[in-house]
Protein chains: 4
Amino acid sequence: MTTSKTPSERRTHLVRLAGDLFAEQGFRATTVRQIADAAGILSGSLYHHFDSKESIGDEILSAFLEDVLAGYRAAVAESDDPRAAIERIVRSSTATLDRHRAALTMLQRDWNYFSGQPRFAYLRTAMKEIEQTWIDLLERGRETGVFRADLDARLTYRLLRDILWLPTSWASSKSWTTDQIVDGLLRLLFDGIKSA
Amino acid sequence: MTTSKTPSERRTHLVRLAGDLFAEQGFRATTVRQIADAAGILSGSLYHHFDSKESIGDEILSAFLEDVLAGYRAAVAESDDPRAAIERIVRSSTATLDRHRAALTMLQRDWNYFSGQPRFAYLRTAMKEIEQTWIDLLERGRETGVFRADLDARLTYRLLRDILWLPTSWASSKSWTTDQIVDGLLRLLFDGIKSA
Amino acid sequence: MTTSKTPSERRTHLVRLAGDLFAEQGFRATTVRQIADAAGILSGSLYHHFDSKESIGDEILSAFLEDVLAGYRAAVAESDDPRAAIERIVRSSTATLDRHRAALTMLQRDWNYFSGQPRFAYLRTAMKEIEQTWIDLLERGRETGVFRADLDARLTYRLLRDILWLPTSWASSKSWTTDQIVDGLLRLLFDGIKSA
Amino acid sequence: MTTSKTPSERRTHLVRLAGDLFAEQGFRATTVRQIADAAGILSGSLYHHFDSKESIGDEILSAFLEDVLAGYRAAVAESDDPRAAIERIVRSSTATLDRHRAALTMLQRDWNYFSGQPRFAYLRTAMKEIEQTWIDLLERGRETGVFRADLDARLTYRLLRDILWLPTSWASSKSWTTDQIVDGLLRLLFDGIKSA
DNA sequence: CATGAATGAGCGTTCATTCAT
DNA sequence: CATGAATGAACGCTCATTCAT
């Protein structure tokens, strides 16, 4: 019965601390000294756990994308029709929003930085799969008459994907619960703001 | 009678060059050296025209907000009902999108940086007015039965404002004209993606 | 009539200061702060003149190799027989010794560091040419009976090249003039230490 | 009755591992982490065996110098004339070359580093004895007419001592056996490269 | 107005070393 | 004995900014 953490818990803890800072300030704007300060250690000591700042970012981003991709795949596989799949994607996305605020912020603010590096090539790959999933769903929905016939699948995808990830940056103002946000989004998405 | 530009034209040119870089990379991620390189001068020489990098940002941001605010005020003043006002805001927003890509990118990527500085206090003031305009319109629309009765005005505002500014960051991919984007947005906004 | 140096003189001066330190301590063991200190400026200011510590090393090494290669080519082209060519190489090598102490020290102490980098690929190329020149001369001398028939050209080359560059590291103890050293070397080289 | 090594064997093994790295990269260019990696332990664990990186260097250097000095003393004591003594020194040097590659590399590459520290004062002492031995032999040989009358003993010593230690740095290219090298050296030394 | 040279603070990172467990 | 976590000083380098010429 000891209070000491297991080895990997220390690392995980540091990733979480770093993630909080990344979520607030973005990746590039966060210094390793800020991360170290948050952990109460010196900046050099971080390198006992990670071999670079980027590898912390890597850990956060890849965990996020695995999560998201798994969600998308499950949504498509286990839904009967495009509308249901999209609703499921939206709901599951919102759930991951809280756990992956850092990744979202990094994707939004530091995309240029990451996407240029070979190490983060998987970002582009994952994004491609996400895009393809949306477009497939939107086109199938259009063909089966569930969605508007004049829907531009690619344009709608771009709007929706970004919209879905927007609330991340709304700080933790706690003005709304994630449930409220997702409901508002779904209503807006399917019904618009007009009264019926 | 010389062909050289007037001082203010030179300055304006430099701001435009800087703006292009800010739009692509964000404010913090852009170095004064990159700006100077684009202008074909040395970085130190920029300080004959501006007393700091921030003052370039200031110029870009305040011009943008004046433009936007003017648009919002005109939209409200000259529209008969909330729906018309919102449509006008959306349409005019898209027009400013092209002219103010730099400002939008800066607001999205470097908000933390600017909003903390006294010098940029006007950012918060302007944002407040924008927010209030939206909320007024949405609530009036709800009260007059034009919009859904269960509409959360504040939540919808946050979503809409950000959504409106999203396409800025879509690089100059030229996949869609701004007209296409605004139409797609308006359809999504008023009607959702469901077929009628 | 001004005492100010021309632009390139400042740069040249800094390279010389850096070279003095490299000659004493080697390249890796010398810090940019030491170089800056020697110049009376801050370490960051060096980067106004060079884009990296390595580029200073590059400048020193490539200048040396150009010099040496030119000497070798001239020696071969303008000498009647291998013995004369070798004597000329030895004499000219010793002359460059003083001007290029830094480069020699870097080659001796930091070869591993430089030779691994693509940027310094020319080091290997130049060394190959030097080696080939020696081997050609030694073999021709052996064939024409000037040198011993049992001479191992490649082994002798390795010994001689290194021997030629040895005195560089003898600090500037000034115990011997370069003339004394070169004479000693030539006697040793051609005649050994035995009495006739 | 266990198969585990005795403490001192473990230590010796670590010194050997460290020595291999020092021989390849030099002392300063080798990190304690590399040594620990080679031993399959963590860098901090090395400090259970040595109280500093320098003490590993110390062990290697002092062992080498004891060996060399013993060889020199024996050569002088058991040789009839200077020429025989020198030949014996050269031959025994080559034998130690293999066993002490690390020490030689350290002396060549990191002399500045060690010679400045009081802890390594014995380096200077030993070098003095080596120098004196050579000079005595060369001068005696000159006086007895075995060597050239115009031989500069001190200059020749410097050349010879360094030349003798040169082949160490020729990696383990295995182009030549140590016997070949020593023969080449002796021929060069006594006879030069001229044909008889 | 522009240049060329510099500043000074801070960046991500390395490394020998220490020490409680 | 070894580990895992940390230290602290230094490293090469970046960048907004200043200023004499």
Side-chain angles (χ1 to χ4, degrees), chain A residues 2 4-11 13-14 28-36 39-56, chain B residues 4-5 7 10-11 14 28-36 39-56, chain C residues 2 4-11 14 28-36 39-56, chain D residues 4 7 10-11 14 28-36 39-56:
Chain A
T2 156
S4 86
K5 316 210 157 204
T6 76
S8 87
E9 272 180 24
R10 180 73 178 132
R11 219 188 120 98
H13 178 59
L14 290 171
R28 299 185 70 177
T30 301
T31 73
V32 297
R33 276 165 179 87
Q34 287 176 322
I35 301 170
I41 58 178
L42 290 177
S43 69
S45 305
L46 280 177
Y47 290 79
H48 180 64
H49 304 277
F50 311 95
D51 41 73
S52 69
K53 183 188 174 191
E54 264 159 35
S55 77
I56 309 183
Chain B
S4 81
K5 314 209 163 203
R10 180 93 176 101
R11 223 187 117 96
L14 291 172
R28 301 187 70 177
T30 301
T31 70
V32 299
R33 238 184 123 141
Q34 288 175 319
I35 301 170
I41 57 177
L42 290 179
S43 64
S45 305
L46 278 178
Y47 289 79
H48 287 290
H49 304 278
F50 310 94
D51 44 81
S52 73
K53 184 187 174 189
E54 267 157 34
S55 77
I56 309 182
Chain C
T2 154
S4 84
K5 316 211 159 204
T6 77
S8 86
E9 271 180 23
R10 179 75 178 128
R11 219 188 120 98
L14 291 171
R28 300 185 70 178
T30 301
T31 72
V32 296
R33 274 165 180 92
Q34 286 176 322
I35 301 170
I41 59 178
L42 290 176
S43 70
S45 305
L46 279 177
Y47 291 80
H48 180 64
H49 305 276
F50 310 95
D51 41 74
S52 68
K53 183 189 174 189
E54 267 160 33
S55 77
I56 308 181
Chain D
S4 81
R10 181 92 176 101
R11 223 185 116 97
L14 291 172
R28 300 187 70 178
T30 301
T31 69
V32 298
R33 238 184 122 142
Q34 288 176 320
I35 301 169
I41 58 177
L42 290 179
S43 64
S45 306
L46 279 178
Y47 289 79
H48 286 291
H49 304 276
F50 311 95
D51 46 80
S52 72
K53 185 188 172 189
E54 267 156 35
S55 76
I56 308 182

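Note that the structure is a prediction, hence the values are computed from the model and not measured. Chain A is the first sequence line, chain B the second, and so forth, proteins listed ahead of strands; every chain is numbered from 1.
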S.K.: Can you tell me how far the CG atom of D/Leu14 sits from the CZ atom of D/Phe50, to the nearest 0.5 Å?
M.R.: 5.0 Å

S.K.: Defining pairs by Watson-Crick or G-U wobble geometry with both distances under 3.5 Å, how would you list the stems of DNA chain F with at least three pairs each?
M.R.: E:2-21 with F:2-21

S.K.: Can you tell me the distance, in whole Å, between the OH atom of D/Tyr47 and the P atom of E/dT17?
M.R.: 4 Å

S.K.: Any base atoms under 4.0 Å from C/Ile41, or only sugar-phosphate, or nothing? Heavy atoms, all strands.
M.R.: sugar-phosphate

S.K.: Nearest whole angstrom, please: distance from the C1' of F/dA6 to the NE2 of A/His49.
M.R.: 8 Å

S.K.: Which value, rounded to the nearest 0.5 Å, describes the distance between C/His48 atom NE2 and C/Arg10 atom CZ?
M.R.: 9.5 Å

S.K.: Separation of A/Arg28 atom CZ from F/dT14 atom P, in whole Å?
M.R.: 13 Å

S.K.: Reckon D/Ser52 touches a base, only the sugar-phosphate, or nothing at all at heavy-atom distances under 4.0 Å?
M.R.: sugar-phosphate

S.K.: Does D/Gly40 or B/Thr31 map to a spot on DNA chain F nearer the 5' end, using the closest nucleotide for each?
M.R.: D/Gly40

S.K.: Mind calculating the distance between NE2 (D/His48) and P (E/dA20) to the nearest angstrom?
M.R.: 12 Å

S.K.: Using whole Å, what does the distance between atom C1' of nucleotide E/dT14 and atom CZ of D/Arg33 come to?
M.R.: 9 Å

S.K.: The criterion is side chain to side chain donor-acceptor pair (under 3.5 Å); which residues satisfy it with D/Gln34, sequence neighbours excluded?
M.R.: none

S.K.: Please examine the side chains of B/Thr30 and B/Ile35, heavy atoms only from C-beta on, and report whether any two atoms are closer than 4.5 Å.
M.R.: yes

S.K.: Roughly how far, to the nearest 0.5 Å, is CZ of C/Arg33 from CG of C/Leu46?
M.R.: 10.5 Å

S.K.: 5'-most contact on DNA chain F: C/Val32 or B/Glu54, nearest heavy atom basis?
M.R.: C/Val32

S.K.: Rounding to an integer number of Å, can you tell me how far D/Leu14 CG sits from F/dC1 P?
M.R.: 11 Å

S.K.: In terms of the nearest nucleotide of DNA chain E, which residue is placed more toward the 5' end: D/Asp51 or A/Gly44?
M.R.: A/Gly44

S.K.: When we call it a touch if two heavy atoms are under 4.0 Å apart, what does C/Ser55 touch: a base, just sugar-phosphate, or nothing?
M.R.: nothing

S.K.: Measure CG/B/Leu42 against P/E/dA5 and give the value in whole Å, please.
M.R.: 10 Å

S.K.: Using a cut-off of less than 4.0 Å, is there contact between a side-chain N or O of C/Arg10 and OP1 or OP2 of E/dA6?
M.R.: yes

S.K.: So, is A/Ser45 close to the F/dT7 phosphate, meaning a side-chain N or O under 4.0 Å from OP1 or OP2?
M.R.: yes

S.K.: Taking A/Arg11 for its side chain and A/His49 for its backbone only, find out whether a donor-acceptor pair lies under 3.5 Å.
M.R.: yes

S.K.: Rounded off to whole Å, could you give me the NZ-to-P distance for the B/Lys53 and F/dC15 pair?
M.R.: 9 Å

S.K.: Minimum heavy-atom separation for B/Ser55 and B/Ser52, please, with both atom names.
M.R.: OG-O, 2.9 Å

